[in-house]
Amino acid sequence: FNFESDTGKDELKNWESVFRRTFAQDNKTKLKMGKYRLVDDLAVGYRKDESREFLETRLVSSEYDEAGSNKNISRWNGVEPNISNFLTHRDTILSLTNILADIGSSCLRMVAIELGLHEDSFVSLTDLDCPKSSDIKLSSSLIRICSYPPGAHTSNSGDKTVAFGNHTDTSLITVAPCSGVPGLEILDQWSKKWVKPEVGKSSSCVIVFTGELLQMLTNHHFRAAVH
């Protein structure tokens with residue numbers, strides 16, 4: 001998907017610079033956002049290992065509007081973790097999520113139609129639009145923001161540097177904006193060769209690939225992308 005001429009292009013073009021600023025904060029500030037933890041069995045928070053940093057981010061549901069009155073709002077209106085004095089981070093995630101959710105919903109509807117199902121068969125399994133219950137405070141959908149500092153990666157073999165080993169995602173689908181520094185590789189199921197879909201693409205382009213849950217629900221009609 002390319003949003004060069006779409007109303008969402010500004011958000012897609014700016015997301016990378018905003019998140020670079022987030023990771024450029026000192027360690028004390030990043031840890032204040034909340035260490036990596038499980039909340040109601042959902043991973044959320046900041047973590048760092050030898051080669052990368054992650055912000056396991058989820059949308060937050062609040063009972064209160066901005067004026068502080070209790071309206072039992074049935075929508076996502078915040079993010080966790082967040083930098084309290086860096087509103088651009090939160091606003092960028094909320095704007096970006098709306099765009100990516102629209103793309104993901106469209107893809108899931110196309111998959112359902114392809115299989116002869118009701119178009120909302122898979123979309124109804126997600127909670128990106130709003131919480132399924134007023135008791136739910138965190139979205140089940142994950143926004144994983146990653147930073148792979150240069151020089152911190154391990155080399156698997158020869159001259160090929162690997163920042164994160166090959167794997168499949170457990171999700172229905174993954175919707176990923178293209179990075180300014182191409183690093184994503186996806187295994188072509190037919191040729192068995194690795195391809196680099198980000199090469200030559202701008203940050204206003206988005207890549208969508210399938211996960212294990214969609215593979216299971218479609219009886220392997222759509223196979224999880226090894227990447």
Side-chain angles (χ1 to χ4, degrees), residues 11-12 14-60 76 78-101 104 126-128 137-156 161-186 196-198 203 206-213 224-227:
E11 286 86 349
L12 280 174
N14 294 335
W15 69 267
E16 196 165 18
S17 62
V18 171
F19 294 152
R20 285 184 187 277
R21 287 174 58 199
T22 297
F23 283 114
Q25 304 295 311
D26 58 72
N27 288 332
K28 184 177 180 180
T29 300
K30 286 184 283 192
L31 288 174
K32 279 184 178 180
M33 292 188 289
K35 293 183 179 179
Y36 180 79
R37 61 201 183 280
L38 293 179
V39 178
D40 295 332
D41 295 323
L42 297 173
V44 64
Y46 170 77
R47 61 175 173 158
K48 181 179 181 180
D49 60 26
E50 294 179 353
S51 62
R52 54 196 180 270
E53 293 180 275
F54 289 106
L55 276 173
E56 303 282 43
T57 307
R58 296 184 188 273
L59 301 180
V60 176
W76 303 119
V79 300
E80 176 66 31
N82 185 38
I83 301 179
S84 59
N85 62 347
F86 189 13
L87 295 180
T88 309
H89 174 88
R90 181 202 64 194
D91 293 344
T92 298
I93 291 177
L94 291 174
S95 298
L96 186 62
T97 298
N98 286 331
I99 297 170
L100 301 184
T126 72
D127 63 0
L128 279 175
K137 302 304 180 186
L138 293 177
S139 65
S140 61
S141 299
L142 172 68
I143 303 95
R144 175 172 289 163
I145 307 168
C146 310
S147 174
Y148 299 92
H153 308 149
T154 58
S155 180
N156 263 1
T161 301
V162 179
F164 198 93
N166 64 76
H167 62 283
T168 55
D169 291 344
T170 58
S171 57
L172 282 166
I173 58 174
T174 295
V175 186
C178 289
S179 171
V181 180
L184 174 67
E185 292 184 298
I186 297 179
K196 298 180 178 181
E198 292 178 311
S203 57
V206 173
I207 298 168
V208 180
F209 46 95
T210 53
E212 295 172 7
L213 183 54
V226 181
H227 59 286

Taken to the nearest 0.5 Å, the spacing of Leu31 CG from Lys48 NZ works out to 9.5 Å
Glu198 side chain to Leu184 main-chain N or O, any donor-acceptor pair under 3.5 Å?
yes
Run the side-chain contact (heavy atoms from CB on, under 4.5 Å) check on Leu59 and Leu94 step by step: do they pass?
CA-CA 8 Å; Leu59 301 180; Leu94 291 174; 4.0 Å; yes
Could you go through Val44 and Arg37, starting from their C-alpha distance and side-chain angles, then the distance that decides it, and tell me whether this counts as side-chain contact (heavy atoms from CB on, under 4.5 Å)?
CA-CA 6 Å; Val44 64; Arg37 61 201 183 280; 4.0 Å; yes
Backbone N or O of Ser139 within a donor-acceptor pair of the Arg58 side chain at under 3.5 Å?
yes
Would you check if the side chain of Asp40 reaches a backbone N or O of Leu42 as a donor-acceptor pair within less than 3.5 Å?
no
In this structure, OG1 of Thr174 is separated from NE2 of His227 (nearest 0.5 Å) by 5.5 Å
Value for CD (Glu53) from OG1 (Thr22), rounded to nearest 0.5 Å, stands at 10.5 Å
Is there a side-chain contact (heavy atoms from CB on, under 4.5 Å) between Ile93 and Ile145 once you walk through the steps?
CA-CA 10 Å; Ile93 291 177; Ile145 307 168; 3.8 Å; yes
Note, Leu100 side chain near Pro177 side chain (heavy atom, < 4.5 Å):
yes
Considering only residues two or more places apart or on different chains, which pairs with a residue in residues 19-49 satisfy ring-ring contact (aromatic ring centres under 6.0 Å, His included)?
Phe19-His89
What's the shortest heavy-atom distance between Val60 and Leu138, and which atoms?
CG2-CD2, 4.0 Å
Specify the closest pair of heavy atoms between Lys30 and Gln25, including all atoms of both residues, with the distance to one decimal.
CE-O, 3.1 Å
Heavy atoms of Ile186 and Ala225 approach each other most closely as CG2-CB, 4.3 Å
Just grab all the salt bridge (Lys or Arg N to Asp or Glu O under 4.0 Å) pairs involving residues 138-148, residues at least two apart or on different chains.
Glu56-Arg144
Please name the pair of heavy atoms, one in Pro81 and one in Leu55, separated by the smallest distance, quoted to 0.1 Å.
CG-CD2, 3.7 Å
Correct closest heavy-atom pair for Cys178 and Trp15 would be O-CZ2, 3.3 Å
Take a 6.0 Å sphere around CZ of Arg20 and say whether it holds more than 12 heavy atoms from other residues, nucleotides or ligands.
no
Supply the atom-to-atom distance Ile207 CD1 to Ile173 CD1, rounded to the nearest 0.5 angstrom.
13.5 Å
Of all residues at least two apart in sequence or in a different chain, which pass the side-chain hydrogen bond (donor to acceptor under 3.5 Å, both in side chains) check with Ser141?
Asp127
